[in-house]
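Residues: numbered from 1 along the sequence shown. Here the structure is a predicted model, which is why all the values come from computation and not from measurement.
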Amino acid sequence: MTDKKGTKRYKPNLKKKKIMLGCPEDAEIFLEPIKEAIKRFNDENSEKFKISLELNHWKEQAHSSAENTQSAINKQLCDTCDCLIALFYKTCGHALTSRKPGTFMEIEYFRNCGKQVFLFRYEGTLEVDLSNHAETDEIKKYFNMLEKEKKNLFFSTYNNKEDLKSKIVKELCTYFGRTKKGNSSTKTTKRKHNYSVQEQMREHIRFFDKWLAVDSRKWSFSFLEKAENLIEGMQDDGSVQYYIGKTERFRTTPTASTLEALYLADFLPTEVCKIMQDWVYNSRQDTCDEPGTAEKSVGHKPDDKDQPGWSWNEGVSVWATSKALDTLILTKYYERDDVCKNQEIIKTTRAALEWLAEQQYPSGGWGFQYAPEKAACEESVTMTALALRVITRFLFASPQNKHLSFDNNLERKLSVAKSKGINYLIKNKKTDKNGYVFWEYDGKPSLTGTVWVLDFLNLAVGWEAGELNKYREEIAKFCINSLPSTPQEYEGYNEEVYFVGGETKYKTIEIYSKFYSYMPYHIPVILNSGGHFSESELKNVEVCMLALIKGKDEYWNGTDKSLGNYQHPSCFVRAMALYVVAFWMKWTWKEFLPGRLQGDWEV
């Protein structure tokens, strides 16, 4: 919004947030770039997050006082500012009234008040070698100490002024995207403001249950009851915890998978969908697990060429990037007015797609990452099918969305990658004794990988899928005949490996430790393929569906082999099962659903 003179003005409904800059004197050379970063954030994100940031620095905002300087700064700035940007260059600064440097004291003051601190440490090239400099070591020692307790702390490094500006904008977007008050999807009505994400979810799904109950008086099934544990793991910032009942491990892929499933089930209120979309987008870069450790998160610095990818707590990968992009475009994120007008989002999306195309191996396949020296990252059918699905969605959307449209170079690069990927699948397809077509993973027939190829083909209708499209019927037949055909077979069903694990580019994933049930996801893909299935083949689908609706609660969980086949409830598996049941009920309702859902599912 601008006035008649063209000056940028912020709407009165934007909440002002004060950001304090704390830094030693030698780091003040970066004051102007920091001001430019705050201005960029306001220009590009104020409307999105409904806030306007104001930068405060003691030399400009603090007035003279009879008290010692640090006490004056504490009262005049620390007490009135919402967040602190703590910047270090060559030195850690001087102590004003104690043995600790002033910036260190400001960091501790903000943390003791429960306020957010953004830490930035210089890692660029210096004119002199300071590798053994006492103050440089002191900064590193202080950061290492703080890393042991990450509450209210964001860590980052920078190499130059431009790098610092982009890092500040990114960290601020991430932080305000994770807080309820600063989220870009802040509710627009007073009534909505009073509803948490969890309350909105319960109310929305409760209406679905009421609709379902109209013609289902003979049996009992509640989506809200099945969704309750999942809803408890949904945060007001849009993230979803990995395991039900454990408030930890908020990652890109499980949140994206949960968003996708709930969206397809029509279980997401519009505002909740926006909040989750924003979180997935803002999860582009963050720490990943320490190699060989399941829980401890210490962070990593991606290679420069991997900066465009997604990595929230996982390490930059084809897997995380594809899941994020696929979910965002599927849920119509790029059709939102605020997103279409945000050039930074469009720019980073194009860069991520170009990066994804560049991760393709010469064979035409994709792996977990492009890392030829890592066995765990070799090309596979699962990653190839997923990458093809993402590229196809965006190639389809580009001509229809003028804001998202690609230039000739990017469109050509994506089209070539898609063609090579299709040829990779054609070269690696297998045929069984019945003439059905499938793919292998880790040397074994892969139902999950084959279903993901079928999902790509379902999307590619009307597009050039090459010779691969000729095998659609045979692929669908393999998938439906691979499902359990009796309750006993369902009971003994072994979860599939879709990613073996091992040493990857940024972390080590324990080999064969985790297996998650993707079988519920298979049903809509198979039924949407247009295949001609016999009554006995459709019986396989019914067995799986009745197991979810009338069977054991553990059928809604994932399996964790590292815990001895323990059926551990993971949020995205629960969301997936909710979607599949909703899909099947709509698909079969008038034909036979109410009559089939009486008594025990094994009868």
Contacts of F406 meeting ring-ring contact (aromatic ring centres under 6.0 Å, His included) (sequence neighbours excluded), chain-then-number -> none

Over 12 non-hydrogen atoms of neighbours within 6.0 angstrom of CD in E232: yes

Backbone of C83 reached by a side-chain donor or acceptor of Q116 within 3.5 Å: no

Do D43 and K39 meet the salt-bridge criterion of a basic N to acidic O distance under 4.0 Å? yes

What residues form a side-chain contact (heavy atoms from CB on, under 4.5 Å) with S529, not counting sequence neighbours? L454, N458, A476, F533

Measure from the ring center of Y579 to the ring center of Y263 and say whether it is less than 6.0 Å. no

Looking only at atom types and distance, does a side-chain atom of W310 sit under 3.5 Å from a main-chain N or O of V280, one as donor and one as acceptor? yes

Do side-chain atoms of Q369 reach the backbone of T504 as a donor and acceptor pair under 3.5 angstrom? no

Anything under 30° is parallel, anything over 60° is perpendicular, the rest tilted; go ahead and classify W319 against W452. parallel

Check whether D236 reaches the backbone of V197 with its side chain - one donor and one acceptor, N or O, closer than 3.5 Å. yes

Applying side chain to side chain contact (heavy atoms under 4.5 Å, CB included) between L395 and each of V390, L410, L353, L414, report the one that passes. L414

Any donor and acceptor pair, going by atom type alone, linking the side chain of R574 with main-chain N or O of K226 inside 3.5 Å? yes

For T270, what residues pass the side-chain contact (heavy atoms from CB on, under 4.5 Å) criterion, not counting sequence neighbours? K274

Under 3.5 Å, is there a donor-acceptor pair between the side chain of N42 and the main chain of L53? yes

Ring center gap for Y334 and F394 short of 6.0 angstrom: yes

Set of residues satisfying salt bridge (Lys or Arg N to Asp or Glu O under 4.0 Å) with respect to K165, sequence neighbours excluded: E36, E162

As a test of understanding, state which of F49, F118, F41 forms a ring pair (Phe, Tyr, Trp, His ring centres under 6.0 Å) with Y175. F118

Begin from the C-alpha positions of L262 and L230 and carry the test side-chain contact (heavy atoms from CB on, under 4.5 Å) through to its verdict. CA-CA 11 Å; L262 294 179; L230 165 63; 4.1 Å; yes

Does anything in residues 380-397 pair up under salt bridge (Lys or Arg N to Asp or Glu O under 4.0 Å), and if so which pairs, sequence neighbours excluded? D326-R389, D326-R393, R389-D455

Ignoring hydrogens and angles, state whether a donor on the side chain of R284 or Q307 is under 3.5 Å from an acceptor on the partner side chain. no

Among residues at least two apart in sequence or on other chains, which ones pass side-chain hydrogen bond (donor to acceptor under 3.5 Å, both in side chains) with S322? none

Mark yes or no for whether Q277, through its side chain, and T331, through its backbone, hold a donor-acceptor pair below 3.5 Å. yes

Which pair of heavy atoms, one from F267 and one from A582, lies closest together, and at what distance? CZ-CB, 4.1 Å

Between R202 and E228, does any NZ, NE, NH1 or NH2 come within less than 4.0 Å of an OD or OE carboxylate oxygen? yes

Ignoring hydrogens and angles, tell me if any N or O in the side chain of T384 forms a donor-acceptor pair with the backbone of V381 under 3.5 Å. no

Would T252 and S283 count as having a side-chain donor-acceptor pair, cut-off 3.5 Å? yes

Rounding to 0.5 Å, atoms CG (N45) and CG (L172) come to a distance of 9.0 Å

Could you check T349, T327, T348 and say which one makes a side chain to side chain donor-acceptor pair (under 3.5 Å) with Y281? T348

Give a yes or no on whether the backbone of K17 and the side-chain of D82 come within a donor-acceptor separation of less than 3.5 Å. no

Counting only N and O atoms by type, is there a donor-acceptor contact under 3.5 Å from the side chain of S257 to the main-chain atoms of P254? no

Is it the case that the side chains of T382 and S380 hold a donor-acceptor pair, with the cut-off being a distance below 3.5 Å and no angle test? yes

So, K323 and E260, do they make that salt bridge, N to O below 4.0 Å? yes

